[in-house]
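Keep in mind the model is a prediction, meaning the values are calculated, not measured. Counting convention: from 1, in listed order, for ligands and their atoms alike. Counting begins at 1 with the first residue of the sequence.
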Amino acid sequence: MFIDDIINRESFTLEDIVYLLSISDKLHIERLKNHAYGIMKQYTGEKVYLRGLIEFSNVCINDCYYCGIRKSNHNVKRYTLENDEIIDTAKWCANQGFGSLVLQSGERNDEQFIEFVENTVRKIKEFTKSDILPNGLGVTLCVGEQSRETYLRFFNAGAHRYLLRIETSNPDLFSKIHPDFQIFNRRIIALKSLKEVGFQVGTGVMIGIPGQTINDLANDVLFFKEMDIDMLGMGPYIIHSETPMNAYYDDYSERKREIYKLSLKMIAVSRIILKDINIASTTALQAMYPMGREAGLMFGANVIMPMLTPTHVRSEYQLYNGKPCIDEFTSDCFECVQQRIESTGRTVAKDEYGDSRHYFNKKFS
Ligand code: SAH
């Protein structure tokens, strides 16, 4: 098969990637999936690492045209969790055995917010220390573009991984889905600052943005490679009805299956090319299809972020329609997550940080 020639290459051109993302017949997709799985097994192992996700605030100064919690959506009731509630959730997360958590929120750059995040991280690290986790939970932050100084403060407080998606590596497409005050280059600078500060840095894109081509997605993969990122989180773009992009797709339900498949192929291709990074199978995949996250694991992802956001605010953090589990009365417990993952034949890491191997491989190579 021609696909075998490509997947076994040492380096990949834009054309190679376009080819891999374009394959559509079952046999070829199966081949791509299995190859990606093998690479994952070889470079990161088969274990799945967990990060409890706490969406601690939906207050946002940005106005991303695709996002349900954008500043201009006045139908959202804004909240910021109290420090105590976040700490309690973090303690629960540690007791369950998740090992790490992600603190995510809308974006704010004011001093009060920065201090809040800094203090919260410090307290989480302090209050989750135990014999099993001598340094407390691993903390990943996902709180948007900040200055280098702010990133340094977060790092010194004890966070050691950071997620900031580029959303698309095509600057023209980026400017179409964001207002003028949100600037592509500033995000690149932020990603570079994160790296300089010492974070394990994750980025990612949305797949199926209106106007996005296969070429754009192939360039996204080359972008990840060029930026030498440690972690990757990608997911399908899903419409939110109260955003300016709600009318883009008349045929969204028809394209849904295609976008879903493309998302899985993006995971596989990124695994084949980037090898030893951590790749998350995201909630957006699960929002599209109930077993979407498990499918992502089969295509080479090795991280899952179970939902730990306290239930009373969950419905106020909807980036897109159809977010799963907003009506649940409890958070994902370790056993439930474990069972779902083990149903795919994988084992689950307990009480582990599950850091990006790439980060250490490049540091010590
Ligand atoms: N304010 C933080 C967190 C943003 S939410 C930050 O800027 O990093 C996390 C991610 O959700 C975004 O980066 C975006 O890629 C994704 N997202 C937002 N709206 C979405 C939508 N409608 N469909 C799919 N993903 C979406």
Identify all pairs of nitrogen or oxygen atoms, one from ligand 1 and one from the protein, separated by less than 3.5 Å, and list them with distances.
| unit_1 | atom_1 | unit_2 | atom_2 | d |
| --- | --- | --- | --- | --- |
| ligand 1 | 1 (N) | S105 | O | 2.9 |
| ligand 1 | 13 (O) | E167 | OE2 | 2.6 |
| ligand 1 | 15 (O) | R165 | NH1 | 2.8 |
| ligand 1 | 15 (O) | E167 | OE1 | 2.5 |
| ligand 1 | 15 (O) | E167 | OE2 | 3.4 |
| ligand 1 | 22 (N) | Y66 | O | 3.0 |
| ligand 1 | 22 (N) | I238 | O | 2.7 |
| ligand 1 | 22 (N) | L319 | O | 3.4 |
| ligand 1 | 23 (N) | I238 | N | 3.0 |
| ligand 1 | 23 (N) | I238 | O | 3.3 |

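For F174, the ring-ring contact (aromatic ring centres under 6.0 Å, His included) criterion is met by H178, F184, not counting sequence neighbours.
Residue H160 is tested with Y353, F155, F154 for a ring-ring contact (aromatic ring centres under 6.0 Å, His included); the sole match is Y353.
Taking the six-membered ring for Trp and the full ring otherwise, the centers of Y260 and Y289 sit less than 6.0 Å from each other.
The residues R187 and E167 are annotated as salt-bridged, a charged nitrogen and a carboxylate oxygen being separated by less than 4.0 angstrom.
No hydrogens or angles considered: nothing links the side chains of N58 and E316 as a donor-acceptor pair under 3.5 Å.
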> Please walk me through it: do K323 and E55 pass salt bridge (Lys or Arg N to Asp or Glu O under 4.0 Å)?
Replying inline: CA-CA 13 Å; K323 176 182 179 176; E55 297 147 330; 2.9 Å; yes
